[in-house]
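Below is one structure, written out as structure tokens; the observations come after it.
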Amino acid sequence: MNVARLLPLVVVVPLLGAAVLAAGGRRLPRVASDSVSVAFAAVSAVLAGAALLGGAHGDPYVVEWLGGWRPGPGGQGVGIVLAGDPLSLGLAAFASLLVVAVLLYSWRYFEEPPRRGSGSFPALMLIFQAGMCGFCLTGDLFNSFVFFELMGVVAYALTGFRVEERRPVQGALAFGIVNSLGGYAMLLGIALLYARTGELGFAQTGRRLDGQHPDALVLAAFVLVAAGLLVKAAAVPFHFWLPDAHAVAPTPVSMLLSGVMVELGVFGVARLYWTVFAGPGGLPQEAVGRALVAVGVVTALLGAAMSWRQRHLKRLLAFSTVAHIGLFLIGAGLLTAEGTAGTSLYVLAHGCVKAALFACTGILLDRYASVDERELHGKARELPLTGGLFVLGGLAVCGMPPFGTSLGKAVAEEAAGHTGHWLTAVFVLASAVTGGAVLRAGLRVFAGVGTRPEEVRRRTGAAGSADHTGQRSDRSDRTEDFATDADSTGDVGTRGDEPPETGGRLRRIPVTMLAVPAVLLAAALAAGIVPQWATATADAAQFFASHEGYESVVLDGVNPRPAPGPPAHWTAVGVLLGLLSTALGVGAALLGLRRRTPSEGTERLLRLPARLQSGHIGDYVAWTVAGVALLALLTAPGTHTFG
């Protein structure tokens with residue numbers, strides 16, 4: 001069988017499953033609708049895996065022109081192409097497998113779905129899966145926008161799934177408006193490229209640009225399209241929607257948002273550069289790399305600092321994701337096969353770990369109706385298995401060998417070290433702080449380590465709302481709409497009134513809710529200890545970063561065979577840096593548990609970024625516009641010549 005024929009099915013099968021559930025979900029019992037959704041999601045994952053394996057044993061690129069509408073000899077055509085290289089196919093397979101894991105985790109969620117509406121949630125999840133797979137495989141700018149919007153629209157609906165509650169609707173609204181702005185920016189950039197080249201395909205557009213001089217229009221097109229993708233990636237200063245959405249989204253949805261969706265934004269930026277702008281008529285590598293690395297460094301440091309400040313576990317994990325998106329942007333911004341390989345492995349393992357951590361947080365929410373680190377102090381001692389998984393996830397976030405997060409980080413660190421050793425320090429610092437925040441929360445909640453909340457309140461003389469530092473302000477009042485609160489210690493948490501997402505508080509944790517995070521963490525571990533994964537990722541990165549190779553296979557039907565990529569394997573330096581970031585993370589966690597109040601200097605430093613997370617959509621829109629201008633300023637120097 002022609003492997004290329006599988007590509008459309010990877011997208012169509014989950015859409016077909018969603019249609020079945022939409023048509024028959026009202027008549028199906030809950031168990032039947034869940035079974036149908038898992039079956040369709042799993043079939044799509046198998047198809048993506050089969051296409052990936054078929055490519056591995058044959059031609060590395062798999063290309064399918066829908067309906068046989070191939071371009072003519074001059075490259076002109078109106079056909080729609082799906083192009084699967086090993087990296088994009090692997091990402092599509094990973095997204096599909098994560099959807100399967102989330103659907104299994106959700107088996108006992110929403111035990112009281114809306115009347116005759118048991119199929120609505122899994123149907124939305126399947127459409128979400130189709131959007132992610134289509135985004136990975138499309139070879140067309142406009143269809144990339146279509147799948148971008150499909151992902152976004154379904155994600156808004158899933159975030160505000162509990163439409164009868166006010167806070168989810170608010171979070172979904174902020175999510176929807178900011179991401180729609182990103183979509184409009186992306187569409188405007190695509191229009192500029194179409195005006196210049198008359199083409200919409202990645203390969204056709206890139207080949208047309210290759211014969212021209214780069215100018216301000218090309219720069220503007222890149223900035224607009226990249227800004228739209230960076231909004232989806234939640235890079236600073238486009239990130240504000242992500243913590244607010246995570247605070248109110250159902251836990252299974254958070255597992256997908258942080259596990260794979262925001263990472264697709266980074267993938268989209270890298271795909272855009274290598275296929276369209278990496279040729280002689282595109283943009284200089286130095287300019288694009290400088291912009292991506294600069295945004296990545298700011299994103300990593302700000303996300304890590306804000307993660308450390310949170311008490312609300314979902315917001316803590318959300319800011320941790322922001323920090324790691326910064327690290328992924330640095331790796332991708334190096335614009336080397338080695339940086340791409342390290343980032344790819346890092347994304348894979350991070351997605352598993354972050355989804356597992358959200359799954360453990362969901363167990364806490366449904367057991368204790370709270371995700372407040374201090375309010376849960378020691379309450380979860382009765383859940384040793386969940387606690388063990390949570391702490392393991394924290395160690396993986398730190399970058400502890402031999403997790404795949406550590407191997408991916410080590411490879412990306414080594415690539416970054418060739419640009420500047422200070423970038424290596426950013427990797428270590430961001431990993432240590434975000435992992436330390438997770439470990440601090442895990443030790444406090446599951447082991448009862450640290451000062452009890454009533455003692456903190458007695459010592460500080462506050463009941464959790466007054467603010468002797470003046471931190472509490474009108475803006476922090478507004479964030480309460482997202483179930484957050486700032487107490488006198490400066491931590492941001494909840495008021496302990498989070499509604500459980502199941503029909504009632506769980507007395508016994510279902511096996512599926514424990515098995516899923518355990519399997520995900522095992523997969524993250526396997527990514528670090530199975531050498532074939534690292535080797536395959538290195539080769540895939542080599543294919544992914546070939547501008548000429550992509551054009552050749554899509555337009556000329558010539559499947560190139562680039563030289564094998566640089567090996568991605570453990571090195572002594574990588575192991576030592578992983579151990580260093582882990583040791584720093586553990587030390588930070590213990591220090592955080594010992595200190596009763598944060599230092600005034602730390603609070604003064606973080607006060608401004610904390611207030612920027614205002615919950616006001618107008619503020620977020622203003623920062624989105626400012627971010628587009630900032631990206632243009634970072635990319636512009638030396639990018640164009642006139643003549």
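Keep in mind it's a predicted model, so treat the numbers as computed, not measured.
- Of the options Val253, Leu124, Thr159, a side chain to side chain contact (heavy atoms under 4.5 Å, CB included) to Val154 is made by Leu124 and by none of the others.
- Gly331 and Phe427 make their closest contact through N-CZ, 4.5 Å (heavy atoms, listed as atom of the first residue, atom of the second, distance).
- Side-chain contact, Ser431 with Ser581: no donor N or O sits under 3.5 Å from an acceptor N or O.
- Of all heavy-atom pairs spanning Ala540 and Pro86, the tightest one is CB-CB, 3.6 Å.
- Closest heavy-atom contact between Val248 and Gly171: CG2-CA, 3.9 Å.
- With hydrogens and angles disregarded, a donor-acceptor distance shorter than 3.5 Å links the side chain of Tyr105 to the backbone of Ala359.
- Applying the side-chain contact (heavy atoms from CB on, under 4.5 Å) test to Leu429 and every residue at least two apart in sequence or in another chain returns Leu301, Val433.
- The shortest distance between side-chain heavy atoms of Leu423 and Ile330 falls below 4.5 Å.
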Return a table of donor-acceptor pairs under 3.5 angstrom between the side chains of residues 387-409 and protein atoms on other chains or two or more places apart.
from, atom 1, to, atom 2, distance (Å)
Thr405, OG1, Ala396, O, 2.7
Ser406, OG, Gly399, O, 2.8
Lys409, NZ, Glu413, OE2, 2.7

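- Aromatic ring pairs are classed by plane angle as parallel below 30°, tilted from 30° to 60° and perpendicular above 60°; the pair Phe328 and His324 is tilted.
- No donor-acceptor distance shorter than 3.5 angstrom exists from the side chain of Glu375 to the backbone of Val371, with no hydrogens or angles considered.
- In plain terms, the two heavy atoms of Ala541 and Ala341 that are nearest each other are CB-N, 3.5 Å.
- A donor-acceptor pair is defined here as one N or O able to donate and one able to accept, closer than 3.5 Å; no such pair exists between the side chain of Trp308 and the backbone of Gly436.
- Legend: residues meeting side-chain hydrogen bond (donor to acceptor under 3.5 Å, both in side chains) with Thr582, ordered by chain and number and at least two apart, are absent.
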### Task
Using the side-chain contact (heavy atoms from CB on, under 4.5 Å) rule, take Cys352 and Phe94 through it: C-alpha gap first, then chi angles, then the decisive distance, then the call.
CA-CA 9 Å; Cys352 293; Phe94 172 63; 3.7 Å; yes
### Task
For side-chain contact (heavy atoms from CB on, under 4.5 Å), just list the numbers for His239 and Leu302, CA-CA rounded to whole Å, side-chain angles, deciding distance to a tenth of an Å, and then say yes or no.
CA-CA 10 Å; His239 69 288; Leu302 184 65; 4.1 Å; yes
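- In terms of modelled atom types and a separation under 3.5 Å, the side chain of Tyr368 and the main chain of Leu376 share no donor-acceptor contact.
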### Task
Apply side-chain contact (heavy atoms from CB on, under 4.5 Å) to the pair Val353 and Leu521, showing each step before the final yes or no.
CA-CA 6 Å; Val353 171; Leu521 285 173; 4.2 Å; yes
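- Residues Leu327 and Val426 meet the side-chain proximity criterion, which asks for heavy atoms closer than 4.5 Å.
- With sequence neighbours excluded, no residue forms a side-chain hydrogen bond (donor to acceptor under 3.5 Å, both in side chains) with Thr537.
- Taking CG from Leu385 and CZ from Phe446, the interatomic distance works out to 10.0 Å, rounded to the nearest 0.5 Å.
- In this structure the side chain of Lys232 never reaches within 4.5 angstrom of the side chain of Leu264, judged on heavy atoms.
- With hydrogens and angles disregarded, a donor-acceptor distance shorter than 3.5 Å links the side chain of Gln613 to the backbone of Phe240.
- Distance alone, capped at 3.5 Å, is enough to place a donor-acceptor pair between the Trp570 side chain and the Gly528 backbone.
- Between Met261 and Leu256, every side-chain heavy-atom pair lies at or beyond the 4.5 Å cut-off.
- Scanning for side-chain contact (heavy atoms from CB on, under 4.5 Å) contacts around Ala41 gives Val99, Val100, Leu103, Leu126, Gln129, with sequence neighbours left out.
- In this structure, OG1 in Thr386 is found 4.0 Å from CD1 in Ile363, a value given to the nearest 0.5 Å.
- Minimum interatomic distance between Ser344 and Thr340 (heavy atoms only, all atoms of both residues): OG-O, 2.7 Å.
- Atoms OH and CD, from Tyr346 and Glu263 in turn, are 11.0 Å apart once rounded to the nearest 0.5 Å.
- Residues His246 and Leu257 form a side-chain contact, since some pair of their non-hydrogen atoms from C-beta on lies under 4.5 Å apart.
- Not one N or O on the side chain of Ser307 forms a donor-acceptor pair closer than 3.5 Å with the backbone of Gly303.
- Across all their heavy atoms, Ser44 and Val13 have their closest contact at N-CG1, 4.2 Å.
- You'll find the side chain of Leu89 stays beyond 4.5 Å of the side chain of Val10, heavy atoms only.
- Panel note: side chain Lys379, backbone Leu364; no donor-acceptor pair is recorded below 3.5 Å.
- For the residue pair Thr321 and Lys354, a side-chain donor N or O sits within less than 3.5 Å of a side-chain acceptor on the partner.
- For the pair Val31 and Trp107, the minimum side-chain heavy-atom distance is below 4.5 Å.
- Rounded to the nearest 0.5 Å, atoms NE2 (His312) and OG (Ser370) are 8.0 Å apart.
- Between the side chain of His377 and the main chain of Gly450, a donor-acceptor pair closer than 3.5 Å is present.
- In this structure, OG1 in Thr343 is found 13.0 Å from CZ in Phe267, a value given to the nearest 0.5 Å.
- When side chains are defined from C-beta on, Phe128 counts as touching Met151, because their heavy atoms get closer than 4.5 Å.
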### side-chain contact (heavy atoms from CB on, under 4.5 Å) assessment of Leu158 paired with Met125
CA-CA 8 Å; Leu158 287 168; Met125 296 293 274; 3.7 Å; yes
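- Atom CG in Leu357 sits 8.5 Å away from atom NE2 in His350 (nearest 0.5 Å).
- Every side-chain contact (heavy atoms from CB on, under 4.5 Å) that Val573 has, sequence neighbours left out, goes to Thr571, Leu577.
- No donor-acceptor pair under 3.5 Å is formed between the side chain of Arg440 and the backbone N or O of Glu373.
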